[in-house]
Amino acid sequence: MGKAIAFHKEKGSKATLVLKHIPNPIEFGVVITDEENRIVRFLEKPSSSEIFSDTVNTGTYILDPSVLEYLPENQESDFSKDLFPLLLEKGEPMFGYVASGYWCDVGHLEAYREAQYDALKSQVKVDFAYEERQPGLWVGQNTVIDDSARIETPALIGSNCRIGPRVKIEAGTVIGDNVSVGADADLKRPIIWNGAIIGEEAHLRACTVCRGTRVDRRAHVLEGAVVGALSTVGEEAQISPSVRVWPSKKIESGAILNINLIWGQTAHRNLFGQRGVSGLANIDITPEFAVKLGAAYGSTLKLSETVAVSRDQRSISRMVSRSLIAGLMSVGVNVQNLEATAIPVSRSVIPSLDVSGGIHVRIHPDRSDCILIEFFDAQGIDVPKSKEKKIEGAYFKEDLRRVQISEIGNMNYPSQVLDAYSQAFEKHLNVQAIHHSNAKVVIDYAYAVSGAVLPRLLAKFGSDAVVLNASLNQTALSAEERESLLTQLGQVVEALRANFGVQVSANGEQLILVDESGMPIRGEMLTALVMSMVLTAQPRSTIVVPVHVSSAVEQIARRHDATVIRTKANPTALMEACNTNPNVAIGGSAEMGFIFPQLHPGFDAMFCIAKLIEMETLQERSLGQVRTDLPRIYHRTYTMRCPWTAKGALMRHMVETHPADRVELIDGVKVLDPQSDSWVLVLPDAGEPVVHIYANSDDRDWVDDTLREYRTRIQEFVDQQQGVETRSSEAV
């Protein structure tokens, strides 16, 4: 700290944050400094796609007393969320000192074990209370080790221990005082607290066994598991990886424990992905998982608050939603059960139901074998990352409220939900234009619940819509089946000489168009086409698109004197931007769906279809003609593997190796060409160990060359980082 304090005084800093480069910064506050180490930007606990550096805030601060004047009296205030942003806004000198020593934030069980291993490897200076009998082996007083026991170093064995015959102790093992280890036990890097008894032939694997626990003969405690104090693990029982057993519990002989002994199933490290909570249906997302998730969400709300719950028509979704409802009610939260309905309907009516939020359960839009559970706020917008973190915290810490019988939540079934949506739907359309239109439209509902909603609405407006596949199926279609239906749709459109066709997906959120010639319109072309038609109808308005969408939208906006707002590449950011910025006509993209904020805050393919009928009629242009008039932009993407541990360093490398005036940090790192609309974007994936590279230009060769260049640059950097990690491991 002496060097940090000297740095603080030398710089005349008002606040100095002690920083550290770490491989995976997702759990910490990320910081960017300039050449003089002045702090220019930081983000508290970013999501994976928001990482722009691997330099993190260690939580150690050196403050000039004058900064305390910025703290409000008699009011809680957070350094990272309140004080430091205020100092940055006021232009006060804030600097970051990058420390070179050891640092570990023991905030979760994995970090706790790693800190033990680091101490054994002398990565941090520790004064051991025991004698170092040989290099890397510390043993306490009155400890007896059988001559046939095999011990790898580094390892630590406390005082008054008994290590039996043929015991195998692997490097990294830590054993406290008064521990007995039976014959032929196999210990691979466990952390064993004082007074534990380990039976003969027991197997312990990188786990934590707490004070006074007994692990009987041939029992297995596997990687990441924690057995609480004074518990008993019976003979030949097995505790599966990452399972937690609370103190003073007994596991019967031969039992295989796959769930935490107190409540629920084995916790996943990351509960929320890029969008909501997802997993394999009835494997990852099970009834018991959903009950616990519902209870965790409900525990973040006040007693007797109300939540709206809706789902698609699939039987698996019904099962999961009922489990979520049970969890919510168990913690004293009331439920408005909307049952099976399209997700735009659910988002639309939530603000009128006087609820604190909502949950929607559906088959994942991209995987027919997966369930997606989404959480909304009181306005129908996906909850922000901060709320997701609270739900995750309650889930992982099992900090679940338990209420008395009289406080159990109630469930109601609101009526006339579809009527309320229909009225809002009609209010924001030119119904006369649709009614008098001679347009013929073919709509493929792909056997989803939107097929029970949209036909009624269009019939009310007198629209000539030919409906395909509107019955409800309990099983979701595969990607191949959807493509087959899309081909069929194109043939029907061409045969009927319809104006256009549309395939609805994602429970009413997304769509693919088919023009009058039967050709599909999707992806970047669909985004550009919809934006062009909307801006033709509403010039000088604002459109909102994610950061990776083609620059065709900027060219289209210039034609109509409109404004483009770019957001992070996640649905929540899009919804928030659409609903907080003035004069927004439309937002979204083909891959997420389109938002009409005047109707409701979420994506809505059903309203988009009606709007397209209206606009095509009033503009007197076919979709084929609109497509021909779109700007010609080349937009390519490439996905490549990047380990989690290298993502932060890669983003910092990207920032540092490009001029600051050419770098945009909305999401990932976007490098702009100052002479044109050309750009390349490197975007870390939120849920997978990969990064996405997007290249965009009106010059095909520029796109190909740039994509090739950045693929090479990123691969070389990742290889270099992995080489550094390998050399570090060898050095240790």
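For this chain, numbers begin at 1 and follow the sequence in order. Remember, predicted model here, so these are calculated numbers, not experimental data.
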Q: Give the C-alpha distance, both sets of side-chain angles, the deciding distance and a yes or no for salt bridge (Lys or Arg N to Asp or Glu O under 4.0 Å) between Asp705 and Arg708.
A: CA-CA 5 Å; Asp705 293 344; Arg708 193 179 305 113; 3.1 Å; yes
Requested in this report: Please lay out, stage by stage, how Phe289 and Tyr395 fare under the test ring-ring contact (aromatic ring centres under 6.0 Å, His included).
Outcome: CA-CA 10 Å; Phe289 170 87; Tyr395 182 91; 5.6 Å; yes
[X] with [Y]: basic N within carboxylate O range, under 4.0 Å:
X	Y	value
Asp704	Arg636	yes
Asp677	Arg558	yes
Glu36	Lys11	no
Lys385	Glu388	yes

Could you tell me whether the side chain of [X] and the main chain of [Y] form a donor-acceptor pair under 3.5 Å?
X	Y	value
Glu524	Ser550	yes
Gln123	Tyr102	no
Ser532	Ala528	no
Lys670	Val547	yes
Tyr694	Leu683	no
Arg641	Val690	no

Of all heavy-atom pairs between [X] and [Y], which one has the smallest distance, and what is that distance?
X	Y	value
Val549	Trp679	O-CZ2, 3.2 Å
Ser697	Trp702	CB-CE3, 3.5 Å
Met531	Val545	CE-CG1, 3.7 Å
Arg38	Pro93	NH1-CA, 3.5 Å
Arg347	Pro601	O-CD, 4.4 Å
Thr300	Lys387	OG1-NZ, 2.9 Å

At what distance, to the nearest 0.5 angstrom, does [atom1] of [X] lie from [atom2] of [Y]?
X	Y	atom1	atom2	result
Gln274	Asn570	CD	CG	5.5 Å
Asn696	Leu707	CG	CG	11.5 Å
Ile391	Phe375	CD1	CZ	5.0 Å
Asp34	Ile39	CG	CD1	10.0 Å
Ile521	Thr527	CD1	OG1	11.5 Å
Thr706	Asp701	OG1	CG	10.0 Å

Note to self: salt bridge (Lys or Arg N to Asp or Glu O under 4.0 Å), that's the test. Do Glu223 and Arg113 meet it? Break it down for me.
What the structure shows: CA-CA 11 Å; Glu223 293 86 349; Arg113 289 192 302 273; over 6 Å; no
Consider only side-chain N and O atoms of His548 and Glu591, and report whether a donor and an acceptor are under 3.5 Å apart.
yes
Between His8 and Thr16, is any side-chain donor less than 3.5 angstrom from a side-chain acceptor?
yes
Quiz prompt | Other residues, nucleotides, ligands: >12 heavy atoms within 6.0 Å of Arg700 CZ | solution = no
- Take the angle between the ring planes of Phe7 and Tyr97 and call it parallel below 30°, perpendicular above 60°, tilted in between. tilted
